[in-house]
Amino acid sequence: MPLRVYNTLTGSKEEFVPINPGKVGMYVCGVTVYDHCHIGHARANVVFDMIYRHLRSKGLEVTYVRNYTDIDDKIINRANRDGVPYNEISERFIKEFDNDMARLMLQLPTFQPKATEHIPEIIALVQTLIDKGFAYQSGSDVFYRVDRFEGYLKLSKRNLEDMQAGARIDVDERKEHPMDFALWKGAKPGEPHWESPWGQGRPGWHIECSAMSTKFLGETLDIHGGGKDLIFPHHENEIAQSEAASGKPFVKYWLHNGFVNINSEKMSKSLGNFFTIKEILESYDAEVLRFFLLSAHYRSPIDFSDQNLKEAELGLERIYKALAGIDERLASGANTPADADNAEFVEKVAGFAGRFGDAMDDDFNTALALGHLFDLVRVINRELPTASTGLLEQAKAEVAKMAAVLGICDSVPAAFLQRMKDRKTSDMEMSAEEIEALIAERAEARKAKNFKRGDEIRDLLLEKNIVLLDSAQGTTWKVK
RNA sequence: GGCGGCAUGGCCAAGUGGUAAGGCAAAGGACUGCAAAUCCUUCACUCAUCGGUUCAAAUCCGAUUGCCGCCUCCA
C-alpha cells in the first residue's frame with residue numbers, strides 16, 4: 001500500500017511520491033531556545049520522530065533536518081531579564097531540549113543546524129530577495145514585500161484584505177504594507193548583532209528556516225513539518241521567502257500536527273496553562289507520555305489530563321505484560337508442536353505487520369495501528385499457555401519490529417513493569433519491609449488454613465492500595 | 001468581523017460511500033481458598049440536529065446548533 005499523507009497546502013490526502021525516488025528531504029521547525037520545552041513541543045517532536053521512523057522503515061533514505069532558532073527577540077528579552085549574554089540562554093536551553101528529547105526516546109535528526117551558524121547564508125538570501133524586488137531596506141531593517149508575492153497566504157488560505165480587516169497589527173511607518181514582515185532587524189544598542197550590508201543586526205524570525213532548509217535539502221523539500229500554529233505566519237512567510245528567491249516550489253508536502261489541549265483548551269505560553277516536559281516526567285514514565293501522544297491521530301487535538309495519562313499507562317502496561325508473558329513462557333522451556341497452534345493466532349501474527357503498515361501508510365494513523373497491536377495482544381494472552389515457542393518468538397519479533405516504528409516497547413518487558421512498580425512504590429505509605437513482613441505472616445496463616453487472618457492482611461494492605469498476588473512461586477505485591 | 005477545523009457508547013479513540021476497530025470503565029462467567037492478572041461473554045439498530053443526493057451515508061451536499069483554533073509570540 002502506498003503511503004498517503006494529508007497535505008496542508010492542498011487540504012487533502014495525497015499519495016506520497018518523493019522528488020528523488022527512494023530519498024526524502026524533511027525539514028521540521030524546531031524550537032526557539034529561550035525556555036523549557038512544554039508538552040506541545042513533546043507532541044510535535046514525537047510525531048515527526050514517528051514519521052521519520054516510519055519513512056525509514058519503508059526503506060526510504062531520509063535526510064531529516066530540525067533547526068534550533070537560537071537568536072530571537074524572546075531570547076534577548078530573557079537574557080536581559082536574567083542579566084546574562086544571549087548565548088548563555090540559547091546554549092542552556094539547547095541542552096535542555098536535547099535532554100528532553102532524549103528522554104522521550106527521539107532519534108537524532110540527520111542535521112540540527114543553528115540560525116547563528118548560518119548568518120552568511122541568511123544575508124545572501126535577504127540580498128537575493130532585495131535584488132529581485134521582493135524585499136526592501138527601511139532604515140537598518142529589511143522587510144519582505146508581501147503584496148509582491150503572488151502566492152502569499154496560499155498555505156493558510158486567507159487573503160490580505162481579510163487579514164487587515166480583523167488585524168491587530170500596529171501601524172509601522174517603516175513598512176510599505178502593514179503585513180510586510182522583517183527579514184533583517186537592525187540592532188539596538190547592546191543587542192547581539194552581526195555585520196551586514198544593512199548595518200549591524202540580526203535575522204528576522206522566518207528567514208533562518210528558508211536559508212537552512214535550502215542549504216541542507218535544496219530548493220524544494222519533500223516534507224516540511226511543524227505544529228499547526230506555525231502555518232501562519234511562520235510557514236507562510238517561509239514559502240514567500242524561498243519561492244521568491246528560487247522561483248521554484250518550496251515544499252511538496254506540508255504536514256502539521258494538532259495541539260495539545262488542557263481541559264479542551266489550547267495550551268500555550270501566553271495563556272500560561274502549560275506543563276513542561278520535565279514536570280510531566282516527574283509523574284509519568286517517558287514511554288507512557290510517548291505512548292499517550294501517539295494514541296490519537298497526529299492531526300487531531302489531544303486532551304492532556306491525568307485520567308488520559310493513566311489510561312495510556314494501563315494500555316502500555318497491557319502490551320508489556322503480554323510481552324513479559326512470552327518471555328516467561330520461553331524461559332520455562334515448555335513447548336508444544338507448531339502444528340497444534342491456533343489458526344487465528346497464526347494469522348494474527350502473520351498478518352500483523354501488513355495491517356500495522358497499512359494503518360501507518362494512511363497518513364500515519366497511529367491510533368489504528370495501536371488498535372491492531374491490542375488485537376494481537378489479546379490473542380497472545382489467550383494462546384500463551386499452549387502456543388509453540390516458535391510462534392511466540394515470531395509474535396514477539398513482529399511486535400518489536402512494529403513498536404519500534406512508534407518508538408515504544410523498547411524496554412525489556414520485565415524491566416518496564418518493574419519500573420512502573422517502583423514509580424508507584426515511591427509514594428507509598430508503607431515500606432517494602434513492612435509489606436514483606438505482613439506477607440510472611442499471611443503465608444503462615446494460610447499454611448495453617450487460617451484464611452480469616454490471611455484475608456484480614458489482604459484487606460489491610462488493600463486499604464493502603466497494595467494488592468497481593470498469589471502464585472505457585474509465592475506471594476508478590478503491586479500498587480493498585 | 002474574516003478564515004479554518006471538529007461533533008462517534010460512561011470516558012479515550014479509529015473509521016471519509018457498503019452496512020460502527022481498539023483501549024479504559026462497567027456487568028456476568030471461567031480460573032483462584034479469597035484476590036490479582038488473563039481469557040470468554042455482554043456493553044452505539046447508531047455516529048450533534050434537520051433536510052438532500054444515492055440501490056447504499058457516520059462517511060458526499062445544504063442548513064442549524066454547539067465546541068475549538070487561526071487572524072499577535074507560540075509545537
Side-chain angles (χ1 to χ4, degrees), chain A residues 8 11-13 28-32 34-35 37-48 72-74 77 153 156-159 161-170 179 205 225-234 256-261 264-271 274 292 295-297 299-303 305 307-308 310-319 321-322 324-325 355 359 362 365-385 446 449-452 454-455 458-459 461-462 467-471 475-478 480:
Chain A
T8 308
S12 58
K13 259 190 228 176
V28 174
C29 288
V31 285
T32 300
Y34 72 104
D35 204 350
C37 286
H38 55 64
I39 182 158
H41 297 111
R43 184 180 197 193
N45 284 285
V46 165
V47 160
F48 284 99
D72 177 84
D73 289 352
K74 289 196 291 282
N77 290 342
L153 305 179
S156 52
K157 300 171 178 58
R158 309 162 204 265
N159 64 69
E161 293 75 49
D162 290 341
M163 296 284 291
Q164 287 173 78
R168 288 166 278 175
I169 302 167
D170 293 333
M179 296 293 292
W205 174 30
K228 269 189 160 79
D229 47 353
L230 295 180
I231 294 172
F232 184 89
H234 187 54
H256 292 98
N257 65 275
F259 293 129
V260 175
N261 292 154
S264 305
E265 285 227 317
K266 181 191 169 182
M267 176 183 75
S268 78
K269 293 224 166 154
S270 45
L271 291 175
F274 65 93
F292 165 71
S295 65
H297 186 93
R299 284 190 284 116
S300 307
I302 191 167
D303 207 42
S305 70
Q307 192 196 335
N308 290 348
K310 287 214 166 75
E311 278 189 17
E313 192 169 283
L314 287 168
L316 188 58
E317 272 185 337
R318 180 173 167 80
I319 297 167
K321 275 178 194 161
R355 282 186 289 271
D362 186 11
N365 194 337
T366 53
L368 181 58
L370 285 173
H372 294 315
L373 178 54
F374 279 114
D375 224 30
L376 178 59
V377 161
R378 194 186 62 250
V379 183
I380 288 174
N381 284 329
R382 194 182 67 207
E383 301 300 322
L384 194 54
R446 292 175 75 212
K449 300 278 186 223
N450 182 358
F451 294 120
K452 184 163 174 289
D455 287 348
R458 174 184 287 288
D459 293 341
L461 287 167
L462 195 58
V467 183
L468 296 182
L469 312 173
D470 294 330
S471 77
T475 301
T476 57
W477 55 275
K478 69 166 192 173
K480 197 177 178 181

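This is a predicted model, so every value here is computed, not measured. Each chain gets a letter, A, B and so on, in the order the sequences are listed, and its residues count up from 1.
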Min side-chain heavy-atom separation A/Ile319-A/Leu373 under 4.5 Å: yes

What interatomic distance, in whole Å, is found between [atom1] of [M] and the corresponding atom of [N]?
N: B/C47; M: B/G4; atom1: C1'; result: 23 Å
N: B/C31; M: B/U38; atom1: C1'; result: 9 Å
N: B/A35; M: B/A27; atom1: P; result: 14 Å
N: B/A7; M: B/C43; atom1: C1'; result: 23 Å
N: B/C3; M: B/U8; atom1: P; result: 26 Å
N: B/C45; M: B/A21; atom1: P; result: 13 Å
N: B/A44; M: B/G5; atom1: P; result: 32 Å
N: B/G9; M: B/U49; atom1: P; result: 10 Å

Presence of donor-acceptor pair under 3.5 Å, side chain of A/Asp470 and base of B/C34: yes

Base B/C39 paired with A/Arg378 side chain (donor-acceptor, <3.5 Å): no

Assess whether a salt bridge exists between [X] and [Y], defined as any Lys/Arg side-chain N lying under 4.0 Å from an Asp/Glu carboxylate O.
X: A/Asp470; Y: A/Arg458; result: yes
X: A/Asp362; Y: A/Lys13; result: yes
X: A/Asp375; Y: A/Arg378; result: yes

Under 4.0 Å: is that the gap between some side-chain N or O of [X] and OP1 or OP2 of [N]?
X: A/Arg318; N: B/C39; answer: yes
X: A/Asn257; N: B/A75; answer: no
X: A/Arg382; N: B/C40; answer: yes
X: A/Arg458; N: B/G33; answer: no
X: A/Lys228; N: B/C68; answer: no

Using Watson-Crick or G-U wobble geometry with both distances under 3.5 Å, which nucleotide pairs with [N]?
N: B/C3; result: B/G69
N: B/U38; result: B/A30
N: B/A25; result: none
N: B/C50; result: B/G62

Look at all strands and tell whether [X] reaches a base, only sugar-phosphate, or nothing, counting heavy atoms closer than 4.0 Å.
X: A/Phe232; result: sugar-phosphate
X: A/Asn365; result: sugar-phosphate
X: A/Ala296; result: sugar-phosphate
X: A/Lys310; result: nothing
X: A/Lys157; result: sugar-phosphate
X: A/Gly227; result: sugar-phosphate
X: A/Ser300; result: sugar-phosphate
X: A/Val260; result: base
X: A/Leu468; result: base
X: A/Arg299; result: nothing
X: A/Asn381; result: sugar-phosphate
X: A/His38; result: base
X: A/Phe259; result: base
X: A/Leu230; result: sugar-phosphate

Starting at [atom1] of [X] and ending at [atom2] of [N], how long is that distance when rounded to a whole Å?
X: A/His41; N: B/A75; atom1: NE2; atom2: C1'; value: 5 Å
X: A/Glu311; N: B/A26; atom1: CD; atom2: P; value: 11 Å
X: A/Ile231; N: B/G4; atom1: CD1; atom2: C1'; value: 9 Å
X: A/Asn261; N: B/A7; atom1: CG; atom2: P; value: 14 Å
X: A/His372; N: B/G22; atom1: NE2; atom2: P; value: 11 Å
X: A/His234; N: B/G69; atom1: NE2; atom2: P; value: 22 Å
X: A/Leu384; N: B/U38; atom1: CG; atom2: P; value: 12 Å
X: A/Met179; N: B/C71; atom1: CE; atom2: C1'; value: 8 Å

From B/U38, B/A75, B/A36, nucleotide with atom closest to A/Lys321 side chain: B/U38

Side chain of A/Lys266 - closest among B/A75, B/C12, B/G22: B/A75

For the atom pair [atom1] ([X]) and [atom2] ([Y]), what is the distance rounded to the nearest 0.5 Å?
X: A/Phe292; Y: A/Glu311; atom1: CZ; atom2: CD; result: 10.0 Å
X: A/Ser156; Y: A/Leu230; atom1: OG; atom2: CG; result: 12.0 Å
X: A/Ile302; Y: A/Ser295; atom1: CD1; atom2: OG; result: 4.5 Å

Atom of A/Cys37, atom of A/Val31 and distance for their closest heavy-atom approach: SG-CG1, 4.3 Å

Of A/Leu469 and A/Phe48, the one whose closest RNA chain B nucleotide lies more 5': A/Leu469

5' priority, RNA chain B, between A/Asp303 and A/Gly371 [closest heavy atom]: A/Asp303

Any donor-acceptor pair under 3.5 Å from A/Asn365 side chain to A/Leu368 backbone: yes

Base of B/G22 and ring of A/Phe374 stacked, centres under 5.5 Å, planes under 30°: no

